[in-house]
Amino acid sequence: MHRFIQKKALLSIREAAELLGISIDTLRRWDKQGLFPSVRIKPTGNRYYRRQALESFVRKKIMTIFHAAESWASNPIGEEPDSDFYCSNSGVFKARIDRMEILLMRTRGLEELYSIINSTAGEIGNNSFDHNLVNWPDIPGVFFGYDLEQRYIILADRGQGILTTLKRVRPELQTHSEALRLAFTETITGRAPERRGNGLKYVRNNITKYPMTLLFRTGDAELLLKQGDIDLAIQESEKGLRGCLALITF
(Lines give C-alpha, C1' and ligand atoms only; values in the text may rest on other atoms or scores of the structure.)
Protein backbone atom coordinates (compact mmCIF):
# COMPACT_ATOMS: atom_id res chain seq x y z
CA MET A 1 0.00 0.00 0.00
CA HIS A 2 2.88 2.42 0.58
CA ARG A 3 3.49 2.59 -3.17
CA PHE A 4 0.02 4.17 -3.57
CA ILE A 5 0.91 6.91 -1.12
CA GLN A 6 4.02 7.73 -3.13
CA LYS A 7 2.19 7.93 -6.47
CA LYS A 8 -1.25 9.32 -5.69
CA ALA A 9 -2.32 12.54 -4.01
CA LEU A 10 -5.73 11.04 -3.18
CA LEU A 11 -6.56 7.48 -2.13
CA SER A 12 -9.90 5.73 -2.39
CA ILE A 13 -11.67 4.75 0.82
CA ARG A 14 -10.69 1.12 0.28
CA GLU A 15 -7.01 1.99 -0.19
CA ALA A 16 -7.07 4.25 2.87
CA ALA A 17 -8.75 1.61 5.03
CA GLU A 18 -6.18 -1.00 4.01
CA LEU A 19 -3.31 1.35 4.77
CA LEU A 20 -4.68 2.24 8.21
CA GLY A 21 -5.53 -1.37 9.03
CA ILE A 22 -9.22 -0.75 9.71
CA SER A 23 -12.49 -1.62 7.99
CA ILE A 24 -14.22 0.62 5.45
CA ASP A 25 -17.22 0.87 7.81
CA THR A 26 -14.97 2.18 10.59
CA LEU A 27 -13.42 4.76 8.27
CA ARG A 28 -16.91 5.90 7.22
CA ARG A 29 -17.87 6.19 10.89
CA TRP A 30 -14.73 8.24 11.65
CA ASP A 31 -15.61 10.48 8.73
CA LYS A 32 -19.10 11.14 10.12
CA GLN A 33 -17.66 11.78 13.59
CA GLY A 34 -15.11 14.22 12.18
CA LEU A 35 -12.21 12.11 13.46
CA PHE A 36 -10.79 11.59 9.98
CA PRO A 37 -12.73 13.61 7.38
CA SER A 38 -12.74 12.60 3.75
CA VAL A 39 -12.50 14.68 0.59
CA ARG A 40 -15.31 14.65 -1.99
CA ILE A 41 -14.54 15.92 -5.48
CA LYS A 42 -18.28 16.27 -6.00
CA PRO A 43 -20.83 16.83 -3.19
CA THR A 44 -22.41 13.42 -3.81
CA GLY A 45 -19.23 11.71 -5.07
CA ASN A 46 -17.03 9.02 -3.59
CA ARG A 47 -14.92 9.57 -0.50
CA TYR A 48 -11.18 10.13 -1.01
CA TYR A 49 -8.36 10.72 1.47
CA ARG A 50 -5.37 13.01 1.06
CA ARG A 51 -1.91 11.44 0.94
CA GLN A 52 -0.42 13.89 3.47
CA ALA A 53 -3.31 13.39 5.89
CA LEU A 54 -2.87 9.62 5.74
CA GLU A 55 0.87 9.84 6.36
CA SER A 56 0.25 12.06 9.37
CA PHE A 57 -2.53 9.79 10.62
CA VAL A 58 -0.31 6.71 10.43
CA ARG A 59 2.18 8.48 12.68
CA LYS A 60 -0.55 9.50 15.10
CA LYS A 61 -2.54 6.27 14.88
CA ILE A 62 -1.12 4.89 18.10
CA MET A 63 -2.52 7.83 20.07
CA THR A 64 -5.84 7.68 18.25
CA ILE A 65 -6.36 4.02 19.10
CA PHE A 66 -4.99 4.49 22.61
CA HIS A 67 -7.45 7.33 23.24
CA ALA A 68 -10.28 5.20 21.82
CA ALA A 69 -9.38 2.39 24.24
CA GLU A 70 -9.02 4.83 27.14
CA SER A 71 -12.35 6.47 26.37
CA TRP A 72 -14.10 3.11 26.15
CA ALA A 73 -12.61 1.87 29.43
CA SER A 74 -13.38 5.10 31.33
CA ASN A 75 -16.81 6.00 29.93
CA PRO A 76 -19.51 5.85 32.64
CA ILE A 77 -21.89 4.41 30.04
CA GLY A 78 -20.85 1.02 28.70
CA GLU A 79 -21.20 0.18 25.03
CA GLU A 80 -19.40 -2.17 22.67
CA PRO A 81 -16.35 -0.64 20.92
CA ASP A 82 -15.78 -0.80 17.16
CA SER A 83 -15.85 -4.40 15.95
CA ASP A 84 -12.30 -3.97 14.59
CA PHE A 85 -11.06 -3.90 18.17
CA TYR A 86 -13.67 -5.85 20.13
CA CYS A 87 -13.13 -9.38 21.45
CA SER A 88 -16.42 -10.24 23.17
CA ASN A 89 -15.18 -13.54 24.58
CA SER A 90 -11.98 -15.50 25.12
CA GLY A 91 -12.50 -17.54 21.94
CA VAL A 92 -12.53 -14.42 19.77
CA PHE A 93 -9.49 -13.08 21.60
CA LYS A 94 -7.58 -16.33 21.10
CA ALA A 95 -8.29 -16.31 17.38
CA ARG A 96 -7.05 -12.72 17.07
CA ILE A 97 -3.97 -13.23 19.23
CA ASP A 98 -3.09 -16.31 17.16
CA ARG A 99 -3.47 -14.23 14.02
CA MET A 100 -1.22 -11.54 15.47
CA GLU A 101 1.45 -14.14 16.24
CA ILE A 102 1.53 -15.16 12.57
CA LEU A 103 1.94 -11.53 11.56
CA LEU A 104 4.65 -11.03 14.18
CA MET A 105 6.54 -14.02 12.79
CA ARG A 106 6.52 -12.35 9.37
CA THR A 107 7.64 -8.94 10.66
CA ARG A 108 11.26 -8.18 9.88
CA GLY A 109 13.39 -7.58 12.93
CA LEU A 110 11.18 -9.53 15.34
CA GLU A 111 12.48 -13.02 14.60
CA GLU A 112 13.88 -13.44 18.12
CA LEU A 113 11.14 -11.52 19.93
CA TYR A 114 7.79 -12.35 18.34
CA SER A 115 6.83 -15.19 20.72
CA ILE A 116 7.65 -13.07 23.79
CA ILE A 117 5.63 -10.12 22.48
CA ASN A 118 2.68 -12.35 21.66
CA SER A 119 2.68 -14.24 24.96
CA THR A 120 2.96 -10.96 26.90
CA ALA A 121 -0.07 -9.47 25.16
CA GLY A 122 -1.90 -12.79 25.44
CA GLU A 123 -1.30 -12.94 29.19
CA ILE A 124 -2.72 -9.46 29.72
CA GLY A 125 -5.81 -10.22 27.64
CA ASN A 126 -6.37 -13.64 29.22
CA ASN A 127 -6.00 -12.03 32.64
CA SER A 128 -9.01 -9.84 31.85
CA PHE A 129 -11.16 -12.85 30.97
CA ASP A 130 -9.90 -15.06 33.81
CA HIS A 131 -10.47 -12.55 36.59
CA ASN A 132 -13.83 -11.18 35.43
CA LEU A 133 -15.40 -14.34 34.06
CA VAL A 134 -19.13 -14.00 34.94
CA ASN A 135 -18.58 -10.78 36.92
CA TRP A 136 -18.29 -8.21 34.14
CA PRO A 137 -19.94 -4.98 35.41
CA ASP A 138 -21.48 -4.21 32.01
CA ILE A 139 -19.67 -4.87 28.71
CA PRO A 140 -17.74 -8.18 28.67
CA GLY A 141 -14.57 -8.74 26.69
CA VAL A 142 -11.51 -6.73 25.75
CA PHE A 143 -10.47 -3.96 23.40
CA PHE A 144 -7.55 -5.29 21.35
CA GLY A 145 -5.72 -3.25 18.72
CA TYR A 146 -2.22 -3.28 17.28
CA ASP A 147 0.04 -2.02 14.51
CA LEU A 148 3.14 -4.12 14.03
CA GLU A 149 4.81 -1.64 11.68
CA GLN A 150 4.41 1.08 14.29
CA ARG A 151 5.37 -1.48 16.98
CA TYR A 152 2.55 -1.25 19.51
CA ILE A 153 -0.28 -3.31 21.04
CA ILE A 154 -3.20 -1.89 23.03
CA LEU A 155 -5.56 -3.81 25.32
CA ALA A 156 -8.33 -2.61 27.62
CA ASP A 157 -11.31 -3.95 29.51
CA ARG A 158 -14.29 -2.64 31.48
CA GLY A 159 -13.88 -5.24 34.19
CA GLN A 160 -13.75 -4.93 37.96
CA GLY A 161 -10.14 -3.79 38.06
CA ILE A 162 -7.24 -5.22 40.03
CA LEU A 163 -8.15 -3.70 43.41
CA THR A 164 -11.65 -5.20 43.52
CA THR A 165 -10.32 -8.55 42.30
CA LEU A 166 -7.49 -8.82 44.84
CA LYS A 167 -9.50 -7.53 47.82
CA ARG A 168 -11.22 -10.92 47.82
CA VAL A 169 -8.03 -12.48 49.11
CA ARG A 170 -6.31 -9.37 50.52
CA PRO A 171 -9.14 -7.34 52.13
CA GLU A 172 -6.59 -5.01 53.72
CA LEU A 173 -5.79 -3.45 50.32
CA GLN A 174 -7.01 0.15 50.17
CA THR A 175 -5.72 1.75 46.96
CA HIS A 176 -5.37 0.88 43.30
CA SER A 177 -1.64 1.58 43.54
CA GLU A 178 -1.22 -0.99 46.32
CA ALA A 179 -3.15 -3.58 44.33
CA LEU A 180 -1.21 -2.85 41.14
CA ARG A 181 2.12 -3.25 42.90
CA LEU A 182 1.01 -6.50 44.50
CA ALA A 183 -0.21 -7.92 41.18
CA PHE A 184 3.16 -7.28 39.51
CA THR A 185 5.34 -8.51 42.38
CA GLU A 186 3.59 -11.46 44.08
CA THR A 187 2.05 -14.72 42.94
CA ILE A 188 -1.54 -13.97 43.89
CA THR A 189 -4.99 -14.48 42.41
CA GLY A 190 -8.44 -13.13 43.16
CA ARG A 191 -9.92 -16.47 42.11
CA ALA A 192 -9.44 -18.30 45.41
CA PRO A 193 -9.01 -21.18 46.12
CA GLU A 194 -7.20 -21.55 42.75
CA ARG A 195 -3.40 -21.65 43.05
CA ARG A 196 -2.67 -19.29 40.18
CA GLY A 197 -1.80 -15.62 39.87
CA ASN A 198 1.59 -15.55 38.15
CA GLY A 199 0.33 -13.76 35.02
CA LEU A 200 1.37 -10.17 35.62
CA LYS A 201 4.65 -11.27 37.19
CA TYR A 202 5.31 -13.08 33.91
CA VAL A 203 4.49 -9.87 32.03
CA ARG A 204 6.88 -7.90 34.26
CA ASN A 205 9.69 -10.39 33.72
CA ASN A 206 9.29 -10.20 29.94
CA ILE A 207 9.15 -6.41 29.82
CA THR A 208 12.22 -5.91 32.02
CA LYS A 209 14.25 -8.57 30.21
CA TYR A 210 13.54 -7.68 26.57
CA PRO A 211 13.46 -4.43 24.53
CA MET A 212 9.84 -3.60 25.32
CA THR A 213 7.92 -1.03 27.35
CA LEU A 214 4.59 -1.28 29.14
CA LEU A 215 2.13 1.36 30.26
CA PHE A 216 -0.46 -0.32 32.49
CA ARG A 217 -3.38 1.44 34.19
CA THR A 218 -6.11 0.26 36.53
CA GLY A 219 -8.42 2.46 38.55
CA ASP A 220 -6.44 5.63 39.29
CA ALA A 221 -3.03 3.87 39.29
CA GLU A 222 -0.50 3.88 36.44
CA LEU A 223 2.63 1.80 35.95
CA LEU A 224 5.38 2.55 33.43
CA LEU A 225 7.81 -0.34 32.96
CA LYS A 226 10.73 -0.80 30.57
CA GLN A 227 13.69 -3.06 29.90
CA GLY A 228 16.18 -3.10 32.75
CA ASP A 229 13.82 -1.68 35.39
CA ILE A 230 14.22 -3.15 38.86
CA ASP A 231 11.72 -1.04 40.80
CA LEU A 232 8.11 -0.39 39.82
CA ALA A 233 7.34 3.23 38.90
CA ILE A 234 3.69 3.57 39.95
CA GLN A 235 1.91 6.89 40.16
CA GLU A 236 -1.62 8.26 40.21
CA SER A 237 -3.14 8.69 36.74
CA GLU A 238 -5.13 11.73 35.68
CA LYS A 239 -8.16 9.74 34.53
CA GLY A 240 -9.63 6.79 36.41
CA LEU A 241 -10.62 3.57 34.69
CA ARG A 242 -13.23 1.01 35.57
CA GLY A 243 -11.04 -1.90 34.47
CA CYS A 244 -7.54 -2.03 32.96
CA LEU A 245 -5.65 -0.46 30.07
CA ALA A 246 -2.31 -1.57 28.66
CA LEU A 247 0.02 -0.21 25.96
CA ILE A 248 2.93 -2.41 24.88
CA THR A 249 5.60 -0.92 22.61
CA PHE A 250 8.59 -2.77 21.18
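Note: hydrogens, waters and symmetry copies are ignored here, and every other heavy atom, side chains too, is used. Just so you know, these numbers come straight off a predicted model, no measurement behind them. Starting from 1, each residue takes its place in the sequence as its number.
Between Ala183 and Leu200, the shortest heavy-atom contact is O-CB, 3.4 Å. Asn132 approaches Gln160 most closely through the heavy-atom pair OD1-N, 2.8 Å.
With hydrogens and angles ignored, the 3.5 Å screen pairs a side-chain donor or acceptor of Asn126 with a backbone N or O of Gly122. Checking side-chain atoms of Ser71 against main-chain N and O of His67 turns up no donor-acceptor pair under 3.5 Å. The closest donor-acceptor contact from the side chain of Asn89 to the backbone of Val92 lies under 3.5 Å. For Arg158 (side chain) and Glu79 (main-chain N/O), no donor-acceptor pair under 3.5 Å exists by modelled atom type. Within the 3.5 Å criterion, the main-chain N or O of Leu11 finds no donor-acceptor partner in the side chain of Glu15. Put simply, the side chain of Thr218 gets close to the backbone of Gly243: a donor and an acceptor are under 3.5 Å apart. One N or O on the side chain of Glu111 and one on the backbone of Gly109 form a donor-acceptor pair closer than 3.5 Å.
Put simply, CG on Leu247 and OH on Tyr146 are 15.5 Å apart, with the number rounded to the nearest 0.5 Å. Between the OG1 atom in Thr107 and the CE atom in Met100 there is a gap of 10.0 Å [rounded to 0.5 Å]. With values rounded to the nearest 0.5 angstrom, Leu225 atom CG is found 11.5 Å from Ile230 atom CD1.
For Lys239, the side-chain hydrogen bond (donor to acceptor under 3.5 Å, both in side chains) criterion is met by no residue, not counting sequence neighbours. Gln235 is linked by a side-chain hydrogen bond (donor to acceptor under 3.5 Å, both in side chains) to Glu222, counting only residues two or more places apart in sequence or in another chain. A search for side chain to side chain contact (heavy atoms under 4.5 Å, CB included) contacts involving Thr26 returns Ile22, Ser23, Arg29, Trp30, Asp82, Asp84, not counting sequence neighbours. For Lys209, the side chain to side chain contact (heavy atoms under 4.5 Å, CB included) criterion is met by no residue, not counting sequence neighbours. A search for side chain to side chain contact (heavy atoms under 4.5 Å, CB included) contacts involving Arg106 returns Arg99, Ile102, not counting sequence neighbours. Every residue meeting the side chain to side chain contact (heavy atoms under 4.5 Å, CB included) condition with Ala53, not counting sequence neighbours, appears here in chain and number order: Phe36, Arg50.
A centroid separation of less than 6.0 Å is found between the aromatic rings of Phe184 and Phe216.
The pair Arg217-Glu70 meets the salt-bridge criterion, since a charged nitrogen lies less than 4.0 angstrom from a carboxylate oxygen. Here Arg28 does not pair with Asp31 in a salt bridge; the nearest charged N to carboxylate O distance is not below 4.0 Å.
Shown here is Lys167, whose NZ atom has more than 12 heavy atoms of other residues, nucleotides or ligands within 6.0 Å.
In this structure the side chain of Tyr152 never reaches within 4.5 angstrom of the side chain of Thr213, judged on heavy atoms. Counting only heavy atoms from C-beta outward, the side chains of Arg47 and Leu27 never approach each other to under 4.5 Å. Proximity of Ile162 to Cys244: side-chain heavy atoms (C-beta onward) are separated by under 4.5 Å at one or more points.
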Pair Phe250-Ile116, side-chain contact (heavy atoms from CB on, under 4.5 Å): steps then yes or no = CA-CA 11 Å; Phe250 47 92; Ile116 297 297; over 6 Å; no
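Ring orientation note: the planes of Trp72 and Phe143 are tilted relative to one another, at an angle of 30° to 60°.
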